[in-house]
J.: 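Below is one structure. I have some questions about it.
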Amino acid sequence: MSYTEPLPAWRLRFYAPLASFRDPFFPGLTRGLPVPPPSTVRGLLAAATGAPYESLAFAMVAWSEGEGVDAETYHPIDAGGANPAVSGRVRAGKGGMTLRMRPFLAEVHLTVWLPGAEGARIARAFRRPVWGLRLGRSQDLVHLQERVEVTLVPATEAVVGSALAPTTGHDVPYAMAHRMAASVSTDRLTSRWADYLWCDSPAGRYPVRGAYEDTSYQREGQALWLLDP
């Protein structure tokens, strides 16, 4: 993709009161991610269009205003039938009902930029989504707050902010690298993983590579990177 010409796009701004994004690289634990993985955002886009999958490259900025830990009760179903469920519940004990701590984020803000004609198609779908809009788990409802056309311009220096970036996108010294799912197959058997940079504290202006800039965003001069599936 060329980063030398302005790019028309749609900017969609979302808000979720609560959301939880489990880090799958910690099996048996419930470590949470600080931002939604790109695969989760793709699921949100597909919910709006009703398609099994949406494959366009998009840019995203995300942050939350708080975090916490909740206690959740799990009722795993024994495949051998040794501990059958009654009204959706199983007895406590080994392999049965158990309590786990689940990290969550409070007041989650997500902005997504959808470029080109495909972006316009998906943005139109949010006028009347096919399925309910959720950010991750089925109970984590998300609300669309803004849907506006913008123009992205190529940038060599911009505000990194809370944008999700490829590892080659910038050199902010305190940016953290997170390995997350870029996309998940429709049968949920295959995931493509990628490394991304994200700043826990919003970063100011820095040199950027392979980036665009949205001069009309609330953080003026926001740097953006288009993330492939």
Side-chain angles (χ1 to χ4, degrees), residues 1 12-16 18-64 67 69-70 72 74 100-106 108-115 118-119 122 125-126 129-142 144 160-170 172 175-200 210-211 223-229:
M1 176 176 291
L12 278 64
R13 186 164 53 89
F14 301 93
Y15 168 77
L18 291 173
S20 179
F21 312 110
R22 190 178 68 84
D23 190 335
F25 288 100
F26 289 78
L29 302 176
T30 50
R31 181 180 186 271
L33 292 167
V35 292
S39 61
T40 297
V41 177
R42 292 191 183 281
L44 174 63
L45 303 182
T49 63
Y53 181 75
E54 292 293 352
S55 60
L56 87 165
F58 62 80
M60 60 176 280
V61 167
W63 76 95
S64 64
E67 60 184 1
V69 179
D70 193 14
E72 289 191 344
Y74 288 77
R100 291 183 181 176
M101 308 310 289
R102 178 90 182 202
F104 66 86
L105 303 176
V108 180
H109 300 269
L110 167 69
T111 306
V112 181
W113 285 261
L114 308 174
E118 281 292 276
I122 296 174
F126 278 92
V130 175
W131 303 107
L133 302 181
R134 295 170 172 85
L135 195 60
R137 300 183 300 172
S138 60
Q139 67 265 45
D140 294 337
L141 301 180
V142 64
L144 177 63
V160 173
S162 301
L164 204 62
T167 54
T168 57
H170 60 76
V172 176
M176 296 292 293
H178 297 277
R179 190 162 182 79
M180 296 185 284
S183 58
V184 179
S185 62
T186 53
D187 60 9
R188 301 187 66 82
L189 296 179
T190 305
S191 298
R192 189 182 81 80
W193 304 95
D195 294 323
Y196 302 96
L197 293 177
W198 187 76
C199 298
D200 190 22
L224 303 167
W225 289 265
L226 296 180
L227 309 175
D228 292 318

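The structure presented is a predicted model; accordingly, all values stated were derived computationally and were not measured.
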J.: Quick one: pull up CG in Leu33 and CG in Asp23 and give me the separation to the nearest 0.5 Å.
T.: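 Those atoms lie 4.5 Å apart.
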
J.: Gly136 and Thr40: which non-hydrogen atoms are nearest, and at how many Å?
T.: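 Closest approach of Gly136 to Thr40: N-CG2, 3.6 Å.
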
J.: Rounded at 0.5 Å granularity, tell me how far CG in Leu224 sits from CE in Met60.
T.: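 Here the interatomic distance stands at 11.0 Å.
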
J.: Side chain to side chain contact (heavy atoms under 4.5 Å, CB included) between Phe21 and Leu105: does it pass, once the steps are laid out?
T.: CA-CA 8 Å; Phe21 312 110; Leu105 303 176; 3.9 Å; yes

J.: Is it the case that the side chain of Ser20 and the backbone of Pro103 share a donor-acceptor pair, with hydrogens and angles ignored and the cut-off at 3.5 Å?
T.: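 Yes, the answer is positive, given that a donor and an acceptor are paired below the 3.5 Å cut-off.
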
J.: Does any N or O in the side chain of Arg42 come within less than 3.5 Å of the main-chain N or O of Leu56, such that one atom is a donor and the other an acceptor?
T.: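 Side chain of Arg42 to backbone of Leu56: a pair is present.
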
J.: Which atom pair, heavy atoms only, marks the closest approach of Ala16 to Leu141?
T.: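 That closest heavy-atom pairing would be CB-O, 3.6 Å.
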
J.: Going from CZ on Phe58 to CG on Leu227, what distance comes out if it is rounded to the nearest 0.5 angstrom?
T.: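 Those atoms lie 6.0 Å apart.
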
J.: Can you see which heavy atom on Leu197 is nearest to which on Pro166, and at what distance?
T.: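 Reported closest heavy-atom pair: CD1-O, 3.7 Å.
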
J.: Closest heavy-atom contact between Leu226 and Ala59?
T.: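 Heavy atoms only, the tightest pair is CD2-N, 3.9 Å.
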
J.: When you measure from the side chain of Arg134 to the backbone N and O of Asp140, does any donor-acceptor pair fall under 3.5 Å?
T.: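 No; zero donor-acceptor contacts below 3.5 Å.
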
J.: Please tabulate, for the side chains in residues 175-182, all donor-acceptor contacts under 3.5 angstrom to protein atoms that are two or more places apart in sequence or on a different chain.
T.:
residue : atom : partner : partner atom : Å
Arg179  : NH1  : Asp195  : OD1          : 3.1
Arg179  : NH1  : Asp195  : OD2          : 3.4

J.: Rounded to the nearest 0.5 Å, how far apart are CZ of Phe14 and OG1 of Thr111?
T.: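 Going from the CZ atom of Phe14 to the OG1 atom of Thr111 covers 8.5 Å.
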
J.: Could you tell me how the ring of Trp63 sits relative to the ring of His109: parallel (under 30°), tilted (30 to 60°) or perpendicular (over 60°)?
T.: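 Parallel.
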
J.: Between Trp225 (side chain) and Ala163 (backbone), is there a donor-acceptor pair under 3.5 Å?
T.: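 Flag not set: sc Trp225 to bb Ala163 has no pair under 3.5 Å.
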
J.: Okay, side chain of Ser183, backbone of Pro229: is any donor-acceptor separation there less than 3.5 Å?
T.: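 Flag not set: sc Ser183 to bb Pro229 has no pair under 3.5 Å.
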
J.: Compare every heavy atom of Ser64 with every heavy atom of Ala106, then report the nearest pair and how far apart it is.
T.: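 It is O-CB, 3.6 Å.
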
J.: Which atom names give the shortest non-hydrogen contact between Leu44 and Leu110, and what distance separates them?
T.: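 Looking at all heavy atoms of both residues, the shortest contact is CD2-CD2, 4.3 Å.
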
J.: Side chains of Leu164 and Val61: does their closest heavy-atom pair fall under 4.5 Å?
T.: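 The answer is no, as the side chains (C-beta and beyond) never meet within the 4.5 Å cut-off.
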
J.: Just verifying a value: how many Å separate Leu18 CG and Arg137 CZ, rounded to the nearest 0.5 Å?
T.: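 Leu18 CG to Arg137 CZ: 8.5 Å, rounded to 0.5 Å.
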
J.: What distance do Ile122 atom CD1 and Leu12 atom CG have between them, rounded to the nearest 0.5 Å?
T.: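 One finds 9.5 Å between CD1 of Ile122 and CG of Leu12.
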
J.: Assess whether atom CH2 of Trp193 is packed by more than 12 heavy atoms of other residues, nucleotides or ligands within 6.0 Å.
T.: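 Enclosed.
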
